[in-house]
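On a predicted model such as this, the values are computed, not experimentally measured, just so you know. Only this structure's heavy atoms are used, side chains among them; waters, hydrogens and symmetry mates stay out. Chain letters run A, B, ... following the sequence lines, proteins first and then strands; every chain starts at 1.
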Protein chains: 2
Amino acid sequence: MKEGPDIAQIGSLIGDPGRANILTALMGGRALTATELAAAAGVTLQTASAHLSKLEAGGLLAQRKQGRHRYFTLADDGVGKLLEGIMGFAASRGHLRHRPGPKDPALRKARICYDHLAGDYGVRMLDSLVATGAISAMGEGLNLTPHGEAHLGSIGIDVSELRLNRRPLCRSCLDWSERRAHLAGSLGKALLSNFLDKGWARRTENSRSIFFTPEGDRRFLALFPLETTGQS
Amino acid sequence: MKEGPDIAQIGSLIGDPGRANILTALMGGRALTATELAAAAGVTLQTASAHLSKLEAGGLLAQRKQGRHRYFTLADDGVGKLLEGIMGFAASRGHLRHRPGPKDPALRKARICYDHLAGDYGVRMLDSLVATGAISAMGEGLNLTPHGEAHLGSIGIDVSELRLNRRPLCRSCLDWSERRAHLAGSLGKALLSNFLDKGWARRTENSRSIFFTPEGDRRFLALFPLETTGQS
DNA sequence: TTCATACTTCGACCCTAACCGAAGCATCTC
DNA sequence: GAGATGCTTCGGTTAGGGTCGAAGTATGAA
């Protein structure tokens with residue numbers, strides 16, 4: 001019984017609703033201050049402070065002091081991956097905080113998942129990349145083809161630079177709203193940054209949803225066409 | 001803040017030490033009775049019964065009534081995968097229940113991870129399969145080659161039958177003791193079953209460790225040679 | 001220096017939930 | 001039937017931790 005890692009410790013860290021709210025808010029990818037996180041979690045500042053200390057001590061959060069502000073982020077990609085996994089599992093068991101109805105359609109359409117695009121558009125993007133042969137899907141693994149690398153280069157993404165990163169280039173991430181895979185990893189991050197830089201889309205305040213401008217929407221759909229070949 | 005799946009609920013299910021012990025015990029793969037689980041968790045039968053009810057209501061456990069016994073198992077492969085993920089994460093942050101020293105060498109050498117082989121031998125097996133070209137590792141995905149399929153057929157594993165299963169054939173699973181990948185998925189399960197059936201190895205009572213007979217040990221090492229080519 | 005903002009620490013409250021003893025069902029054995 | 005075994009339910013206790021008010025510390029602005 002006393003074998004192995006202590007899953008109870010990190011389970012209890014995630015198990016408190018206040019802390020879960022904080023972590024979910026930080027899945028948005030941007031660094032948030034203690035005050036913002038307190039509001040997001042629906043608790044007072046003192047309570048949030050205590051939670052943040054515990055999360056940091058547990059290795060889930062990193063903080064950066066900047067003037068009199070304290071910015072918190074998820075400690076690293078591993079934490080994001082862990083939370084994604086738990087969210088996917090929770091969704092598969094129907095543990096939703098809201099009735100699953102057509103709530104928050106903007107969130108289902110396009111949202112940020114730690115640092116990459118998720119939701120309807122995220123799934124479509126990966127489907128399209130696979131259908132056009134830019135990415136080959138083998139089993140659970142995703143790999144960028146030379147064709148795909150050239151294609152992405154043409155829209156301003158330097159893949160060779162991304163390879164320098166220790167982080168995997170392509171990773172599939174299960175979407176809790178679509179129950180299908182979308183693209184994570186450093187390439188997923190780079191693609192979303194690319195869209196934001198070009199002004200195709202922008203983040204919304206206080207939410208994880210991503211808003212596409214009419215022009216950006218058009219360009220995105222043109223860049224990632226969806227053939228009706230029944231590609232899964 | 002009220003977006004998405006309820007990670008706090010499943011976090012708190014895992015967050016209690018008693019329940020975590022129960023889940024860890026069930027990672028051993030075999031079905032256990034309420035009494036056995038109570039002993040494993042170090043609590044009385046009443047307490048364990050309450051925990052088991054909660055875990056079942058949360059969709060983590062399945063039970064099968066057999067006579068006056070009640071056998072519990074993890075609900076499905078998804079739960080095993082979730083727990084593996086959390087264990088790997090916890091190990092990466094150093095959240096170990098024991099001082100990490102050379103405790104339980106048998107457990108580090110070979111143990112069962114839900115239904116497949118983990119530990120030193122598990123890592124070696126996957127390394128060898130990759131080195132000999134039986135499995136190709138691309139990114140995070142693993143794929144059985146035709147050569148590998150033939151090779152496994154020769155030792156009595158019918159891969160085509162495994163393909164009928166909805167479950168992925170090859171999946172990589174991060175080892176908390178070795179911090180390296182070993183083989184999971186239906187193929188990982190089949191290989192372990194194969195060793196047990198042949199009498200090369202057997203499970204030990206009340207522990208997740210796997211004991212190899214001297215003969216089985218010799219055969220295993222011969223079947224999965226480790227070339228010193230620095231294959232990672 | 002003085003005030004305001006951002007956050008932490010302290011102390012106390014309070015409530016959940018883990019826990020176990022005892023009693024109650026259910027199932028098997030004899 | 002009587003007794004034993006496996007497990008659940010009930011009731012009451014207790015401890016741990018989440019919570020917030022109030023006070024304390026750090027940084028920046030005026």
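- Closest approach to the B:Arg70 side chain among D:dC7, C:dC7, D:dT19 is made by D:dC7 (side chain taken as heavy atoms from C-beta onward).
- Distance CG (A:Leu45) to P (C:dT8): 7 Å, rounded to an integer number of Å.
- The CG-P distance, from B:Leu61 to D:dC7, rounds to 14 Å in whole Å.
- The interatomic distance linking A:His69 (NE2) with C:dT5 (P) rounds to 12 Å, in whole Å.
- There is no side-chain donor-acceptor pair under 3.5 Å between B:Thr213 and B:Glu215.
- One atom, CZ of A:Arg64, and another, C1' of C:dA6, lie 16 Å apart when rounded to the nearest Å.
- Atom-to-atom, CG of A:Leu32 to P of C:dA6 comes out at 14 Å; the value is rounded to the nearest Å.
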Name the pairs: protein N/O against N/O of nucleotides 21-28 of chain D, kept only if under 3.5 Å.
from   : atom 1 : to      : atom 2 : distance (Å)
D:dG21 : N7     : A:Gln46 : NE2    : 2.4

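- Residues B:Glu36 and B:Thr33 bring a donor and an acceptor atom of their side chains to less than 3.5 Å of each other.
- Side-chain contact between B:Leu152 and B:Asn194 is absent, with no heavy atoms from C-beta onward closer than 4.5 Å.
- Considering only the side chain of B:Ser49, D:dT9 comes nearest among D:dT19, C:dT8, D:dT9.
- Between A:Phe224 and A:Phe195, the ring planes lie perpendicular to each other; the angle is over 60°, past the 30° to 60° tilted range.
- When side chains are defined from C-beta on, B:Leu117 does not count as touching B:Ile112, because their heavy atoms never get closer than 4.5 Å.
- Between the P atom of D:dG18 and the CD1 atom of A:Ile22 lies a distance of 11 Å, rounded to the nearest Å.
- Atom-to-atom, CD of A:Glu36 to C1' of C:dC7 comes out at 13 Å; the value is rounded to the nearest Å.
- Rounded to a whole Å, the NZ atom of B:Lys54 is 9 Å from the P atom of C:dC19.
- DNA chain D is contacted by both B:Leu52 and A:Gly18; B:Leu52 maps to the nucleotide lying nearer its 5′ end (nearest heavy atom per residue).
- Among the atoms of the strands shown, only primed sugar atoms or phosphate atoms (P, OP1, OP2) are found under 4.0 Å from some heavy atom of A:Thr35.
- In this structure, A:Thr33 reaches the sugar-phosphate backbone alone: every heavy-atom distance under 4.0 Å involves primed, P, OP1 or OP2 atoms, never a base.
- Contact between A:Ser12 and A:Arg19 at its shortest, heavy atoms only, is O-NH2, 3.1 Å.
- Looking at heavy atoms from C-beta onward, A:Leu162 lies in side-chain contact with A:Ile157 at the 4.5 angstrom threshold.
- Nearer the 5' end of DNA chain D, as judged by each residue's closest nucleotide, is the contact made by B:Tyr71, out of B:Tyr71 and A:Arg19.
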